[in-house]
Undergrad: 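First the structure, which I've put down as structure tokens, then a few questions once you've had a look.
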There are 2 protein chains.
Amino acid sequence: MINTVKISKVLGDPIRYKILLMIVNHAEQGVAGYSNPAGGICNCQLMDTFDMIQSRVSYHMKELVEADLVREVPEGKWKYYFPNTEVIKAYIRQLESDFKL
Amino acid sequence: MINTVKISKVLGDPIRYKILLMIVNHAEQGVAGYSNPAGGICNCQLMDTFDMIQSRVSYHMKELVEADLVREVPEGKWKYYFPNTEVIKAYIRQLESDFKL
DNA sequence: TGCTAACATCAAATATTTTTGATATTATAA
DNA sequence: TTATAATATCAAAAATATTTGATGTTAGCA
């Protein structure tokens, strides 16, 4: 089952929110300058885009993955990230149900 | 405009999430042992229910009010809290839009 | 094999959030 | 007006989260 409070907390960090937005958008349309398999985002792109050092990216991606908002796909030396649409949907549905909307 | 990250952060605390749930449920059906005007929840009920000291309740209610998730209605010496349904809805809609759902 | 690039992990430093107890404020009632 | 009850605020302590730099691991390539 999804952990609504934990997901909220993970989304409650501006960097993680932006990263998830980027992952979601990229999964649709790709990002200029990178050509990733099946629309995934890799750590290097996140380092570039948000000007973060590697261990910081790693920390935030771990949070997103542990909250199950993002799926991680290893491909050789790289890890690609994809939105976990089902969990994001389930989170929204849970909010609607909890708050009677 | 709503601040999606801030709302997420406020919901990302288990106590605040439970408090908001209680406020939402109470606004519908009332809570046994208390008869509040128009289904509002007061601080004293939150202290009782969650076994929290007064300043702690006050702190968390301030967070909820500042995130605009809850409206505060003073009535004499008391403050009653009501869910801000429009903002909760707007938050959910924003998530749907941001994450393409 | 040895080298390098990508990513993970760790411990320490820093920053932020939460909790608490004390005190202040405000409204009402005696 | 004085006393009291409800809530707010404050500063210090405690807890938690984030950032950083160093080091570890792993996969692929020369």
Side-chain angles (χ1 to χ4, degrees), chain A residues 3 5-20 22-23 26 31 33-38 40-82, chain B residues 3 5-20 22-23 26 31 33-38 40-82:
Chain A
N3 184 334
V5 173
K6 182 172 187 185
I7 290 178
S8 301
K9 185 185 291 184
V10 169
L11 292 178
D13 177 278
I15 290 161
R16 285 190 296 259
Y17 200 95
K18 283 181 209 151
I19 290 175
L20 184 56
M22 183 176 174
I23 290 172
H26 191 249
V31 163
Y34 296 90
S35 60
N36 298 338
I41 285 279
C42 66
N43 286 280
C44 51
Q45 274 172 276
L46 298 170
M47 290 172 68
D48 281 6
T49 306
F50 298 109
D51 191 30
M52 296 166 74
I53 64 175
Q54 182 265 324
S55 59
R56 192 179 171 197
V57 170
S58 200
Y59 168 72
H60 285 296
M61 292 320 295
K62 194 178 179 199
E63 295 289 308
L64 283 164
V65 168
E66 281 178 356
D68 214 18
L69 286 165
V70 155
R71 281 174 306 115
E72 190 175 72
V73 176
E75 187 136 332
K77 241 182 321 197
W78 294 274
K79 298 260 169 94
Y80 289 101
Y81 298 102
F82 298 87
Chain B
N3 184 335
V5 173
K6 181 172 188 184
I7 290 179
S8 301
K9 183 185 289 183
V10 168
L11 292 177
D13 177 278
I15 290 161
R16 284 191 296 259
Y17 199 95
K18 284 181 207 149
I19 289 174
L20 185 56
M22 182 176 175
I23 289 171
H26 192 250
V31 164
Y34 296 89
S35 61
N36 298 339
I41 285 277
C42 66
N43 286 282
C44 51
Q45 273 172 274
L46 298 170
M47 290 172 67
D48 282 7
T49 305
F50 299 109
D51 191 30
M52 295 167 75
I53 64 174
Q54 182 265 324
S55 59
R56 193 179 171 199
V57 170
S58 200
Y59 167 73
H60 285 296
M61 293 319 297
K62 194 178 178 199
E63 295 288 308
L64 283 165
V65 168
E66 280 178 357
D68 215 16
L69 287 165
V70 155
R71 281 173 307 116
E72 189 176 72
V73 176
E75 184 134 337
K77 238 179 326 195
W78 293 274
K79 299 261 169 93
Y80 290 100
Y81 298 102
F82 299 86

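So you know, we letter chains A, B, ... as the sequences are listed, proteins then strands, and number each from 1. Quantities reported herein were computed from a predicted structural model and do not represent experimental measurements.
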Undergrad: Check the distance between C/dA6's C1' and A/Q45's CD and give it to me in whole angstrom.
TA: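 Computing the A/Q45:CD to C/dA6:C1' distance gives 14 Å.
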
Undergrad: Starting at atom NZ of A/K77, determine the distance to atom C1' of C/dA8, rounded to an integer number of angstrom.
TA: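 So the two atoms are 16 Å apart, to the nearest Å.
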
Undergrad: In Å and rounded to the nearest 0.5 Å, what is the CG to CG distance from B/L11 to A/L11?
TA: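 B/L11 atom CG to A/L11 atom CG measures 10.0 Å (nearest 0.5 Å).
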
Undergrad: Would you say a side-chain N or O of A/N43 is under 4.0 Å from OP1 or OP2 of C/dA6?
TA: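 So the side-chain polar atoms of A/N43 never come under 4.0 Å of the phosphate oxygens OP1 or OP2 of C/dA6.
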
Undergrad: For A/K6 and D/dT16, give me the distance from atom NZ to atom P, rounded to whole Å.
TA: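 Answer to the nearest Å: 15 Å.
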
Undergrad: Taking CE from A/M61 and C1' from D/dT18, how many angstroms apart are they, rounded to a whole number?
TA: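 Roughly 16 Å, once rounded to whole Å.
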
Undergrad: Any side chain to side chain donor-acceptor pair (under 3.5 Å) pairs touching residues 7-18 of chain B, not counting sequence neighbours?
TA: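 Side chain to side chain donor-acceptor pair (under 3.5 Å) check on residues 7-18 of chain B returns A/D98-B/Y17, B/S8-B/Y91, B/R16-B/H60.
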
Undergrad: Calculate the interatomic distance between B/D48 atom CG and D/dT7 atom C1'; express it in whole Å.
TA: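 Value for this atom pair: 15 Å.
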
Undergrad: Return the set of residues passing side chain to side chain contact (heavy atoms under 4.5 Å, CB included) with B/D68 (not counting sequence neighbours), or none when no residue passes.
TA: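 Partners of B/D68 by the side chain to side chain contact (heavy atoms under 4.5 Å, CB included) criterion, ordered by chain and then number, come out as B/N84, B/V87.
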
Undergrad: Mind listing the closest non-hydrogen atom pair of A/L69 and A/I7 along with its distance?
TA: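 Of all heavy-atom pairs spanning A/L69 and A/I7, the closest is CD2-CG2, 3.9 Å.
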
Undergrad: If we only count heavy atoms from C-beta on, is the B/K79 to B/M61 side-chain gap below 4.5 Å?
TA: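 When only atoms from C-beta onward are counted, B/M61 and B/K79 do not touch, as no gap falls below 4.5 Å.
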
Undergrad: So, does A/K79 get its side chain near the phosphate of C/dA8, meaning an N or O under 4.0 Å from OP1 or OP2?
TA: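 For A/K79, the contact criterion (side-chain N or O under 4.0 Å from OP1 or OP2 of C/dA8) is met.
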
Undergrad: Toward the 5' end of DNA chain C, which comes first, A/W78 or A/K62, by nearest nucleotide?
TA: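 Its nearest nucleotide being more 5', the pick is A/W78.
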
Undergrad: Rounded to the Å, how far apart are A/L64 CG and D/dT18 C1'?
TA: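 It is 14 Å, rounded to the nearest whole Å.
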
Undergrad: Only one of B/W78, B/Y81, B/Y80 clears side-chain hydrogen bond (donor to acceptor under 3.5 Å, both in side chains) with B/N43; which?
TA: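 Going through the options one by one, the only one that passes is B/Y81.
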
Undergrad: Nearest-Å distance, CD1 (B/I41) to P (D/dA6)?
TA: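 Interatomic distance, CD1 of B/I41 to P of D/dA6: 16 Å.
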
Undergrad: Scan nucleotides 15-25 of chain C against the protein and return all N/O pairs shorter than 3.5 Å with their distances rounded to 0.1 Å.
TA:
{"residue": "C/dT17", "atom": "OP1", "partner": "B/K9", "partner atom": "NZ", "Å": "3.0"}
{"residue": "C/dT18", "atom": "OP1", "partner": "B/R16", "partner atom": "NH2", "Å": "3.0"}
{"residue": "C/dT18", "atom": "OP2", "partner": "B/R16", "partner atom": "NH1", "Å": "3.4"}
{"residue": "C/dT18", "atom": "OP2", "partner": "B/Y59", "partner atom": "OH", "Å": "2.6"}
{"residue": "C/dT19", "atom": "OP1", "partner": "B/R56", "partner atom": "NE", "Å": "3.4"}
{"residue": "C/dT19", "atom": "OP1", "partner": "B/R56", "partner atom": "NH2", "Å": "2.6"}
{"residue": "C/dT19", "atom": "OP2", "partner": "B/R56", "partner atom": "NE", "Å": "3.3"}
{"residue": "C/dT19", "atom": "OP2", "partner": "B/H60", "partner atom": "NE2", "Å": "2.3"}
{"residue": "C/dT19", "atom": "O5'", "partner": "B/R56", "partner atom": "NE", "Å": "3.4"}
{"residue": "C/dG21", "atom": "O6", "partner": "B/S55", "partner atom": "OG", "Å": "3.4"}

Undergrad: Expressed in angstrom and rounded to an integer, what is the separation of A/M47 atom CE from C/dC7 atom C1'?
TA: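 In whole Å, C/dC7 C1' lies 10 Å from A/M47 CE.
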
Undergrad: Should A/M22 and A/F50 count as side-chain neighbours, where that means a heavy-atom distance under 4.5 Å?
TA: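 They are in contact (side-chain heavy atoms under 4.5 Å apart), so the answer is yes.
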
